[in-house]
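Hydrogens, waters and symmetry mates are skipped; everything else that's a heavy atom, side chains included, is used. Sequence lines set the chain letters: A, B, ... in the order given, protein chains first and strands last, and positions in each chain run from 1.
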Amino acid sequence: MKMRIFDTLSVSEKDVDTSSSVRIYLCGVTVYDESHIGHARTIIVFDTLRRYLESKGAKVNLVQNFTDVDDKIINRAKKENTLAETITTRYIKNYFDDFDKLNVKRADLYPKATEHITDMINLIKGLMDKGFAYTSKNGVYFSVSKFKEYGKLSKKKIDELVSGARVEVDETKKDPLDFALWKFSDESPTWESPWGNGRPGWHIECSAMSLKYLGSNFEIHGGGRDLIFPHHENEIAQSESFSGINFAKIWMHVGMVTINGEKMSKSLGNTKSIDHVLKKWGPNIIRLFCLSGHYTKPIDYSEDTLKETITKWRQVENCYYEMILSDDSKETEEIDQIKDTIHELQSEFENALDSDFDTPLAVGAFFKLVKNINQLASSEKLTKKISDVMFPAFQEMSSILGLNTIHVTDDEKNKITNLIKQRDTFRSEKKFQEADAIRKQISDMNIVLIDHKNKTLWMKQEKIGIEN
RNA sequence: GGUGAGGUGGCAGAGUGGCUAUGCGUUCGCCUGCAAAGCGAAUCUAUAGGGGUUCAAAUCCCUUCCUCACCUCCA
């Protein structure tokens, strides 16, 4: 089945062409501070999208930029009395630390704005030549009135924007809506340009880098909803004025994360850094949380919601260990029926993702599978044979969702098995104190024991910060 | 003011005309030496207010109220 994604520009779902390479440009972060849960959501959504497309056999080319030249960076550098580069290096490292922990696969390319100044200058030159840009006292500006379709993405009327009067007042611009392509400045960081020394505007970097690496008409351009205006609107104006053809085929925008129903912002002081949420909840729960609502809608970060997710995650862990520790001590029945169930759940999972990337439904299908397996285990019916049939489906879904149960080494495994044997001996001799001592010893290794009728199941549980 | 998205059981969250998902929570039970986890059963009977269309509406139309986001940098 073809995958469909909602396109902000045409306000309709569009087919994603997976027959050739799927080129995706994702607006990344400005590296002047720690990343937060809002960034995490957008990036996890795209990571999951990428994993899904790849599982369908598509070749994905994912490019995600770093904005490493910006007023915020310069201000921060001033404040710390250091170079902008020191700041950006620190937070790029910080970015990878965070997102590696969140089990986000590396993009194919992470271009930095500062390494593409020449591309931007060439782009601006082209816009100048075609009459879309002009110089003024403060910089080079894009002339919005020259681009007739301006406002088509954000559905804004140009005259309403003007009368809104919230646009910055700058007497040197021909039109208040015009935005900077190049800002004159002699203050570091600064680069030479045909028009004067300075630094690029924010919007031009994404146009330049996406055109360079993905061409003038690629499959998906993404980012947070808050980038629709003005960032993506301006990118369209620049890119389409330059190339003369339509820019991205699909504009995919991810909803915001709120905190207890409120917008998350620095000024309110309610941002949750990735470092913070990782310590509190761990990667799997954060990923499940980020995928728990449809990507177009806002999701709310609240401890109660996250706590629920812990319960769900424990079920997944339980399920995983039930499967890998199952044996063939019993007859296997109903294997055909089980295969049918798996196929049903797999198509439920795929249909959900194919229809505008409905991760909440897909996660639901995954949990149905987990429940199914746990039910079999609970009724002592989960044999090795059945596990062998179910495990690949479980693995496939977890890997698309980017979930990772904690694995154990063979050494650990042997150690645990031996300890359990000892404990069983004590138990059969009704030496419960000794048995409990061993359980304590095992639990110190983060291993939880579950006594079934004829055997003891063990599992390594992820440590969840908030539970301690 | 403009634009967009919403208002569903204690909470979360599906469902675009008809048999009212699902999850969490709660209660009881199974299992266990105990525990934990898991499983089972029960519980809750909801669709912002008011009109209308229809044999039938959470679902369509009108209207009122409310919430949120974006309109300035923002994922």
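- Base contact: Arg423(A) has a heavy atom under 4.0 Å from a base atom.
- With RNA chain B read from its 5' end, the first of the two nearest nucleotides for Lys155(A) and Arg427(A) is the one closest to Lys155(A).
- If you check rG6(B), rA75(B), rG33(B) against the side chain of His39(A), the one that comes closest is rA75(B).
- When both distances must be under 3.5 Å, the Watson-Crick or G-U wobble mate of rG23(B) is rC11(B).
- Residue-level contact check: Asp70(A) touches neither bases nor backbone, having no heavy atom under 4.0 Å from any strand.
- Side-chain to base pairing of Lys72(A) with rC73(B): one donor and one acceptor N or O lie within less than 3.5 Å of each other.
- If you take CG of Leu449(A) and C1' of rC31(B), they are 15 Å apart, rounded to a whole angstrom.
- Between rA75(B) and Gln64(A), no contact under 4.0 Å exists linking OP1 or OP2 to a side-chain N or O.
- Among the protein residues, Lys307(A) comes within range of no part of the nucleic acid, since none of its heavy atoms lies under 4.0 Å from any strand.
- In this structure, rA35(B) forms no base pair with any nucleotide, since neither Watson-Crick nor G-U wobble geometry is met with both distances under 3.5 Å.
- You'll find that the side chain of Gln315(A) is closest to rC39(B), out of rG33(B), rA35(B), rC39(B).
- In terms of heavy-atom proximity, Asp451(A) sits nearest to Thr456(A) at OD1-OG1, 3.1 Å.
- Among the heavy atoms of the strands, none lies under 4.0 Å from Val254(A).
- Nearest to the side chain of Asp451(A), among rA35(B), rG33(B), rG38(B), sits rA35(B).
- As judged by a 4.0 angstrom heavy-atom cut-off over every strand, Gly38(A) is placed among the base-contacting residues.
- Taking only side-chain atoms of Lys297(A), from C-beta outward, the nucleotide of rU32(B), rU72(B), rG6(B) with the closest atom is rG6(B).
- Heavy atoms of His36(A) sit under 4.0 angstrom from at least one base atom.
- Residue contacts shown for Ile450(A) include a base, since a base heavy atom lies under 4.0 Å away.
- None of Tyr321(A), Trp313(A), Tyr320(A) except one satisfies the side-chain hydrogen bond (donor to acceptor under 3.5 Å, both in side chains) rule with Glu317(A); the exception is Trp313(A).
- Within 6.0 Å of the NZ atom in Lys413(A), the count of heavy atoms belonging to other residues, nucleotides or ligands does not exceed 12.
- If you check every strand for non-hydrogen atoms under 4.0 Å, Phe432(A) touches a base.
- Among the heavy atoms of the strands, none lies under 4.0 Å from Asp304(A).
- Annotation: cation-pi pair Lys156(A)/Phe229(A) present, NZ/CZ under 6.0 Å from the ring centroid and within 45° of its normal.
- Across all strands, Lys312(A) comes closer than 4.0 Å only to sugar-phosphate atoms, never to a base (heavy-atom distances).
- Using a 4.0 Å heavy-atom criterion, one finds that Ile228(A) contacts no nucleic acid atom at all.
- The partner of rC44(B), taking Watson-Crick or G-U wobble pairs whose two distances both stay under 3.5 Å, does not exist in any strand shown.
- The distance from atom NE2 of His294(A) to atom P of rG6(B) is 10 Å, rounded to the nearest whole Å.
- Residue-level contact check: Gly28(A) touches the backbone only, with heavy atoms under 4.0 Å from sugar-phosphate atoms and none from bases.
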